[in-house]
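Note on naming: letters A, B, ... go to the chains in the order of the sequence lines (proteins, then strands), and numbering restarts at 1 for each one.
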Protein chains: 2
Amino acid sequence: MADVKQGKIKSRESKLSTTLKDQLRCQSCGLTPLCLPVGMSEAETEKLDSIVHRNTPFHKGDHLFRQGDKFKGIYVITSGSVKSYYINKHGEECIVGFYLPGELIGLDAIHNRVYSCSVAVLETTSACEVPFSQLQNLTSEIPSLQHQLMCLLSKEVHNDCEMVAILASHSAEERLASFLLSLSSRYKSRSLSALEFNLSMSRTEIASFLGLAVETVSRTFSRFQEQGLLEVNRKQVKLLDIEALADLGGQYPHELNSGIPLNG
Amino acid sequence: MADVKQGKIKSRESKLSTTLKDQLRCQSCGLTPLCLPVGMSEAETEKLDSIVHRNTPFHKGDHLFRQGDKFKGIYVITSGSVKSYYINKHGEECIVGFYLPGELIGLDAIHNRVYSCSVAVLETTSACEVPFSQLQNLTSEIPSLQHQLMCLLSKEVHNDCEMVAILASHSAEERLASFLLSLSSRYKSRSLSALEFNLSMSRTEIASFLGLAVETVSRTFSRFQEQGLLEVNRKQVKLLDIEALADLGGQYPHELNSGIPLNG
DNA sequence: CACCTTATTTGACTTAGGTCAATAAGTATT
DNA sequence: AATACTTATTGACCTAAGTCAAATAAGGTG
């Protein structure tokens, strides 16, 4: 629904109506508690807001950037979702991550100033672009911005470790269960339903991410449904037995962190 | 040999001889180009040095910290190596990473102030402990410290993405080849031999990390040896055909970064 | 609406890698 | 040095998941 509304924005940033533009400022953004402005004053948030670029929404298949591109800045998804992937030497697409609203993209490119993956949008998606050099200038002025950026980097490291743990824990059921639970908890922390959501990625994309064959993903979905763990119809998923799914997948011990405010 | 020398240090920090103590300062540490002081002046490095704790060397099986412990600070290995792991609900040890000299540990704990994994040393190991609150104070004073910390966090994100890619690329050969190449390039950037090194971890630990069975790791080593790709005898490894190993394992496109100075 | 294309599901068969078991090679202990 | 203990290797067998192929379901298009 948000997409429909945003679909009307066909023109560039400068042509946006002032009311819409107001909705798109950091100060009034619903994602603020997950994003960079955590802990910042009104005035500081305004400063941050002033360096952010908000482009026309991207459409399915559009790219935020491509692997090898010079690093310009980080992106924050505000609506929609994207995949991060690279092409291996066999020409296959390997998906390294999916990003939802409030999540930062491009953090891995800070240290060598080159994006190491391509990022393509999975559905109509809006994103804020934060030019890194300007962001860095601001961090020296605004200590809580520096702190929050570090926290978000740390959280990303944490998530990636979690993913390593999931992928190393062999079975297809464990992987898919963990994947669904991860999505669920991420939706939840965005005040969306933790139990019922739409997958924006295809089975093939899930398979690539989890290191499985498409058919295995499909079969595992079916098996979960037979077992009454969930209902699935194409992209629509309804989790029926979170407990059982957690028993399958939740191996990594960091339920520790979920729910704890980032700025502790 | 380094271990033997350090083995003599039986007393606490305060009792170290002044010459030894000098060798252990950031200003004279050989790992500086990989570590936090990158880009810092002599005076700034001295400030950093003054907050660093250097404990008696740890011995095999000792822990730097355990999962669930309150986050105190980050550690930098100066010699030896460690594993980071957690215990899953079946009571099995799941290894999430290995760390070599110059690598930072505990970065994933910044955001929620709790270590999410345990870290145990694999051989006699020295590490610097950098208390985080003090480090944070210093970052506001020293811009290049802030920058380098961010770069190291970013690099960690990058490495973890790489690991996700490796684990998702199914085959045992690909995984082991990638693992060996990763070690090789890390040794290389520490001015150690990229072709001949000792594994400080057991086959079981490699298996856990790569999401394989021990037997598979062992068999894959044997197969690589039969194919003339390497020579292996227990912990000793000599890579004979890096090219061929890279063909097997090197799927992720970030040879981009290796060799590029961190502060670019 | 009929047609085409693409995504998903399901079945049949194959295989990489897991499991179990035995052996061998180191390590540590007395 | 003899013992027990641990770690690594190798073989035999089995199973989870991959591959190939076909059927079904959605979506998109003229």
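A salt bridge does not link B/Arg203 with B/Glu215: none of the charged nitrogens is closer than 4.0 Å to a carboxylate oxygen.
A straight line from CD of A/Gln236 to P of C/dA7 spans 19 Å, rounded to a whole angstrom. Atom C1' of nucleotide D/dT6 and atom CZ of B/Arg234 are separated by 9 Å, given to the nearest angstrom. Taking atom CG of B/Leu210 as the reference point, atom C1' of C/dA16 lies 16 Å away to the nearest angstrom. Per the geometry, CG belonging to B/Leu199 stands 16 Å off C1' belonging to C/dG26, to the nearest Å. Computed from coordinates, the A/Met201 CE to C/dA7 P distance equals 15 Å when rounded to whole Å. Put simply, CD1 on A/Ile206 is 11 Å from C1' on C/dT8, counting in whole angstrom units. Here C/dG18 presents its C1' atom at 10 Å from CG of B/Leu212, a figure rounded to the nearest Å. For the pair B/Glu205 CD and D/dT6 P, the computed distance is 15 Å after rounding to whole Å.
Each of A/Ser184, A/Ser189, A/Ser182 was checked for a side-chain hydrogen bond (donor to acceptor under 3.5 Å, both in side chains) with A/Arg186, and the lone residue meeting it is A/Ser182.
Here the side chain of B/Arg54 pairs a donor or acceptor atom with the backbone of B/Leu24 at under 3.5 angstrom. Of the possible polar contacts, none joining the B/Thr220 side chain to the B/Glu173 backbone as a donor-acceptor pair under 3.5 Å is found. Judged by distance alone, with hydrogens and angles left aside, the side-chain atoms of B/Ser208 form a donor-acceptor pair with the main-chain N or O of B/Ile95 at under 3.5 Å.
Between A/Arg219 and C/dT9 there is no side-chain N or O to OP1 or OP2 distance below 4.0 Å. Contact between the side-chain N/O atoms of B/Ser218 and the OP1/OP2 oxygens of D/dA8 is not found at any separation under 4.0 Å. For the OP1/OP2 pair of C/dT10 and a distance below 4.0 Å, the side-chain nitrogens and oxygens of A/Ser222 include at least one atom meeting the criterion.
In the helix from C/dC1-D/dG30 to C/dT30-D/dA1, the rotation axis of the first five pairs and that of the last five pairs differ in direction by 50°, rounded to 10 degrees.
Checking D/dT9, D/dG18, D/dT10 against the side-chain heavy atoms of A/Ala213 singles out D/dG18 as nearest. In the set C/dG18, D/dG18, C/dT8, the nucleotide with an atom closest to the side chain of A/Thr216 is D/dG18.
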| query | Going through the distances and angles, do A/Ser81 and A/Glu123 end up as a side-chain hydrogen bond (donor to acceptor under 3.5 Å, both in side chains)? | reply | CA-CA 6 Å; A/Ser81 55; A/Glu123 59 191 319; 2.5 Å; yes

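Nucleic acid contact class of A/Ser202 (heavy atoms, under 4.0 Å, all strands): sugar-phosphate only.
Between B/Phe98 and B/Phe209, the ring planes lie perpendicular to each other; the angle is over 60°, past the 30° to 60° tilted range.
Mapping A/Val214 and B/Val214 onto DNA chain D by nearest heavy atom places B/Val214 closer to the 5' end of the strand.
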